[in-house]
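Just so it is clear, the structure is predicted and the values come from calculations on it, not from any experiment.
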Amino acid sequence: MRTLSRTGWVLLSIAVIVLAVTTTIKMRGFGATEKPSRIEAALARGVRNFAIPRAEAHRVNPYPSDALAQQQGRELFLTRCAVCHGVDGSGATPIGQNTSPRVPDLRSVATQDLSDGQIHYIIENGVQLTGMPAMPGLRSPAKEDSWALVSYIRSMRTTSNIDAKRLRASTENAHYVGSQSCQSCHADIYERWKKTPMANVVRDPRQHPDAILPDLKTNNVAKFTADQVALVYGSIWKQRYFTKIGDDYYPLSAQWDIGNKKWMKYHVPDTGADWWTAYYPSDNLQRPTGPTCDGCHSVNYDIHTKQVTEWNVGCERCHGPGSEHVAHPTRLNIQNPSQMDSVASNDTCIQCHSQGQPKTKLIEGKAYDWPVGYHVGKNLQDYWNLEDITLGQTDFLHFADGTAHKNRMQGNDFIQSVMYEKGVTCASCHDVHGTGNYAQLRKPADKICLDCHAANSPNGPHVASLEEHTHHKAGSPGSQCIACHMPKIEAQGVPGAFVRSHTFKFISPAMTDKYKIPNSCTSCHKDKSTDWATKELLTWKEISPWRVAQR
């Protein structure tokens with residue numbers, strides 16, 4: 001037998017490879033639900049990048065990647081891209097996980113290593129033989145829209161394992177320097193933040209003479225003088241007053257109900273209320289605020305020295321110690337919740353917007369009502385347990401279905417929601433740096449939900465118009481998403497003051513009948529009964545009668 005020539009061997013090898021590939025395809029099928037192999041994914045990515053013209057690939061974003069550009073890009077992303085890429089850019093959506101090639105994770109190194117020009121070209125022109133469409137609607141004459149989208153995608157970058165190690169090393173060696181140190185480089189954000197409730201929840205009346213809202217002479221509940229007031233907490237629903245004894249602060253026994261403009265007694269009941277009361281005497285002046293309050297209302301509260309870097313929720317409360325970043329500003333020496341995964345990002349808020357107990361319950365013999373030892377970038381679950389829910393039982397903390405009964409439980413609510421499960425974060429709706437909207441919402445409440453849940457959107461509602469879903473006239477209070485999905489049912493501690501539920505569940509009138517949980521219908525239509533509300537809901541043909549009758 002004659003030896004095959006080199007050309008023959010090459011042809012034979014190609015034939016074997018083709019046969020192997022075709023056999024594999026035939027056996028596996030060619031369905032989009034089959035996860036592409038790494039080789040297929042790399043090949044598809046390589047072909048895509050190769051096809052981008054060299055001139056386009058070398059373009060840089062001609063517009064500043066500032067907060068305004070990122071906000072514009074974010075709005076475009078939510079309306080045009082999130083259905084496939086997810087609100088967090090992960091691609092973990094029904095569409096993203098059922099296309100071949102898979103929708104890429106925009107946070108990944110593979111995407112973030114693309115040049116501005118490459119990302120811009122893909123946005124405007126799409127990618128053939130994939131699910132990525134061209135976005136001609138973004139082709140404005142100056143292309144600001146598509147470049148704003150590039151800026152927003154850049155802000156999604158997550159930290160690689162190598163970068164994470166560098167970040168940990170840098171922040172472990174850093175110390176707290178105070179929010180004012182951030183002002184010179186982040187002037188706009190700093191000025192917005194300074195006006196927020198976060199920046200003003202704790203005030204020293206000696207530095208802010210207008211801090212005490214009522215006339216103390218009208219206090220007939222538990223008299224005290226301005227000289228006794230070392231710190232003031234609150235300016236929206238209620239105002240509480242704290243005196244200093246030694247190196248601790250203690251609550252005085254009267255609070256001001258801001259909405260009703262009246263004095264009320266302030267004393268946390270010894271039983272049936274917060275868990276920590278079992279470890280302190282009943283007397284307010286023997287209940288120091290360091291363990292019970294100050295850890296969340298300050299930056300870097302030290303349980304041994306009882307000192308803080310600053311009062312209020314300052315920059316470093318959410319970004320960690322900033323000395324290294326102030327000295328040498330890079331993204332790898334400061335924590336940034338927007339570049340964390342959704343769990344860690346949400347934990348930045350949940351650390352204080354939750355009711356729970358430290359893992360060890362008592363720390364050095366004291367009961368602390370905040371997660372001592374946790375700092376942004378660590379695992380909150382290592383330091384903090386959220387309060388347990390006893391389904392079917394209404395208590396100080398929860399309604400019978402697990403919805404929060406009182407404030408400071410947005411985190412307890414949110415982790416139960418489908419939104420949390422799908423990677424939505426607190427920052428998806430709120431900008432704690434400050435906005436002109438209530439609760440620092442990124443958009444007014446009647447608009448922000450529609451970024452992801454407009455009529456006929458893949459996320460629902462699956463109806464032609466919003467009115468068809470809400471059964472209320474557009475622009476009316478009942479037409480707002482939050483009216484039904486975020487009812488004001490969580491007590492704020494003074495009569496008539498409530499905050500909104502964050503489970504996003506619809507609570508049926510039938511559940512009110514059985515579990516005494518307030519529902520959205522009769523909370524608004526106060527002159528109507530739950531029977532009336534149930535009958536009305538049964539006429540809404542797009543809602544399952546099983547859901548209406550849920551008990």
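- Atom CG of Leu380 is separated from atom OG1 of Thr348 by 9.0 Å, given to the nearest 0.5 angstrom.
- Side chain to side chain, Ser282 and Asp270 meet the donor-acceptor criterion of an N or O pair below 3.5 Å.
- With rounding to the nearest 0.5 angstrom, the CG atom of Leu285 is 7.5 Å from the OG1 atom of Thr243.
- Checking side-chain atoms of Asn260 against main-chain N and O of Pro495 turns up a donor-acceptor pair under 3.5 Å.
- Counting only distance, with no hydrogens or angles, the side chain of Asn459 and the backbone of Cys452 share a donor-acceptor pair below 3.5 Å.
- With a 4.5 Å cut-off on side-chain heavy atoms, Val299 and Tyr176 count as touching.
- Among pairs with a residue in residues 479-493, those fulfilling side-chain hydrogen bond (donor to acceptor under 3.5 Å, both in side chains) read Lys238-Gln492, at least two apart in sequence or across chains.
- Side-chain contact between Asn312 and Ser298 is absent, with no heavy-atom pair separated by less than 4.5 Å.
- One distance of note links SG of Cys484 with NZ of Lys505; it measures 15.5 Å at 0.5 Å rounding.
- For the pair Trp237/Ile258, no side-chain contact is recorded, criterion being any heavy-atom separation below 4.5 Å from C-beta on.
- Formation of a donor-acceptor pair under 3.5 Å by the Ser345 side chain with backbone atoms of Ser342 is not found in this model.
- Glu324 is not listed as a side-chain neighbour of Thr171, based on a closest heavy-atom distance of 4.5 Å or more.
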(message) I'd like to know whether Asp188 forms a salt bridge (Lys or Arg N to Asp or Glu O under 4.0 Å) with Arg192, so could you lay out the CA-CA distance, the side-chain angles of the two residues, the decisive distance to 0.1 Å, and finally the verdict.
(response) CA-CA 6 Å; Asp188 173 65; Arg192 286 192 284 126; 3.4 Å; yes
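- A 6.0 Å sphere centred on NZ of Lys443 holds more than 12 heavy atoms belonging to other residues, nucleotides or ligands.
- Residue Lys195 qualifies as open at atom NZ: its count of foreign heavy atoms under 6.0 Å is 12 or below.
- For the pair Ile489 and Ser501, the minimum side-chain heavy-atom distance is below 4.5 Å.
- One finds the CG atom of Asn412 at 5.0 Å from the CG atom of Leu386 (value rounded to the nearest 0.5 Å).
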(message) For a side-chain hydrogen bond (donor to acceptor under 3.5 Å, both in side chains) check, start with the C-alpha distance between His208 and Asp210, then their side-chain angles and the critical distance, and finish with the verdict.
(response) CA-CA 5 Å; His208 304 278; Asp210 60 339; 4.9 Å; no
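- A donor-acceptor pair is defined here as one N or O able to donate and one able to accept, closer than 3.5 Å; such a pair exists between the side chain of Ser323 and the backbone of His175.
- Arg206 CZ: more than 12 foreign heavy atoms inside a 6.0 Å radius.
- A salt bridge does not link Arg287 with Asp283: every distance from a Lys NZ or Arg NE/NH1/NH2 to an Asp or Glu carboxylate oxygen is 4.0 Å or more.
- Applying the 6.0 Å contact sphere to NZ of Lys194 captures no more than 12 heavy atoms from other residues, nucleotides or ligands.
- There is no side-chain donor-acceptor pair under 3.5 Å between Ser170 and Asn333.
- At distances below 3.5 Å, not a single donor-acceptor pair connects side-chain atoms of Trp275 with backbone N or O atoms of Asp369.
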(request) Start with the C-alpha distance between Arg157 and Gln339, add both sets of side-chain angles, then the distance that settles side-chain hydrogen bond (donor to acceptor under 3.5 Å, both in side chains), and finish with yes or no. (result) CA-CA 6 Å; Arg157 176 189 289 270; Gln339 294 177 358; over 6 Å; no
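- Applying ring pair (Phe, Tyr, Trp, His ring centres under 6.0 Å) to Tyr301 and the options Trp311, Tyr374, Trp370, Tyr368 leaves one that passes, Trp370.
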(request) Determine, step by step, whether Asp274 and Gln355 satisfy the side chain to side chain contact (heavy atoms under 4.5 Å, CB included) criterion, reporting the C-alpha distance in whole Å, the side-chain angles of both residues, the deciding distance to 0.1 Å, and the verdict. (result) CA-CA 9 Å; Asp274 291 302; Gln355 290 282 352; 3.8 Å; yes
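- To the nearest 0.5 Å, the span separating NZ on Lys223 from NZ on Lys217 amounts to 10.5 Å.
- At a threshold of 4.5 Å between non-hydrogen side-chain atoms, the residues Asp401 and Tyr515 do not count as touching.
- Within the 3.5 Å criterion, the main-chain N or O of Pro251 finds no donor-acceptor partner in the side chain of Tyr233.
- The aromatic rings of Phe399 and His405 lie tilted to each other, with the angle between the two planes from 30° to 60°.
- Residues Asp88 and Ser90 bring a donor and an acceptor atom of their side chains to less than 3.5 Å of each other.
- Looking only at atom types and distance, the side chain of Arg317 has a donor-acceptor partner in the side chain of Gln351 under 3.5 Å away.
- Side-chain atoms of Trp193 and Ser179 form no donor-acceptor pair, as typed in the model, at a separation below 3.5 Å.
- If you take CG on Asn61 and OG on Ser151, they are separated by 4.0 Å, rounding to the nearest 0.5 Å.
- Formation of a donor-acceptor pair under 3.5 Å by the Gln335 side chain with backbone atoms of Gly320 is not found in this model.
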(request) Apply the test salt bridge (Lys or Arg N to Asp or Glu O under 4.0 Å) to residues Lys406 and Asp413: give CA-CA distance (whole Å), side-chain angles for both, the deciding distance (0.1 Å), then the verdict. (result) CA-CA 11 Å; Lys406 67 186 292 290; Asp413 268 359; over 6 Å; no
(message) Let's go through Asp347 and Gln381 carefully: what are the C-alpha distance in whole Å and the side-chain angles of both, what is the deciding distance for side-chain hydrogen bond (donor to acceptor under 3.5 Å, both in side chains) to 0.1 Å, and is it a yes or a no?
(response) CA-CA 9 Å; Asp347 282 350; Gln381 295 81 4; 3.2 Å; yes
(message) Is there a side-chain hydrogen bond (donor to acceptor under 3.5 Å, both in side chains) between Asn519 and Thr512? Walk through the geometry before answering.
(response) CA-CA 6 Å; Asn519 71 84; Thr512 301; 2.7 Å; yes
(request) Determine, stepwise, if the pair Asp145 / Gln72 fulfils side chain to side chain contact (heavy atoms under 4.5 Å, CB included). (result) CA-CA 8 Å; Asp145 285 350; Gln72 292 172 338; 5.9 Å; no
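- Tested against Val232 for a side chain to side chain contact (heavy atoms under 4.5 Å, CB included), the candidates Asp204, Ile212, Leu213 yield a single pass: Ile212.
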(message) ring-ring contact (aromatic ring centres under 6.0 Å, His included) for Phe242 and Tyr250? Distances and angles first, verdict last.
(response) CA-CA 5 Å; Phe242 300 85; Tyr250 296 84; 9.7 Å; no
(request) Check step by step if ring-ring contact (aromatic ring centres under 6.0 Å, His included) holds for Tyr279 and Trp276. (result) CA-CA 6 Å; Tyr279 299 93; Trp276 53 262; 9.7 Å; no
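- Between Gln255 and the choices Arg240, Lys265, His267, the side chain to side chain donor-acceptor pair (under 3.5 Å) rule is met once, by Arg240.
- Without hydrogens or angle criteria, His304 side chain to Asp302 main chain gives no donor-acceptor distance under 3.5 Å.
- Using cut-offs of 30° and 60° on the angle between ring planes, the pair Tyr241 and Phe224 is tilted.
- Counting heavy atoms of neighbouring residues, nucleotides and ligands inside a 6.0 Å radius, atom CD of Gln180 does not exceed 12 of them.
- Note on Lys306 versus Asp294: no salt bridge recorded, every NZ/NE/NH1/NH2 to OD/OE distance being 4.0 Å or above.
- At least one side-chain heavy atom of Leu106 sits under 4.5 Å from a side-chain heavy atom of Phe77.
- Taking the side chain as every heavy atom from C-beta outward, His319 and Asn336 approach each other to under 4.5 Å.
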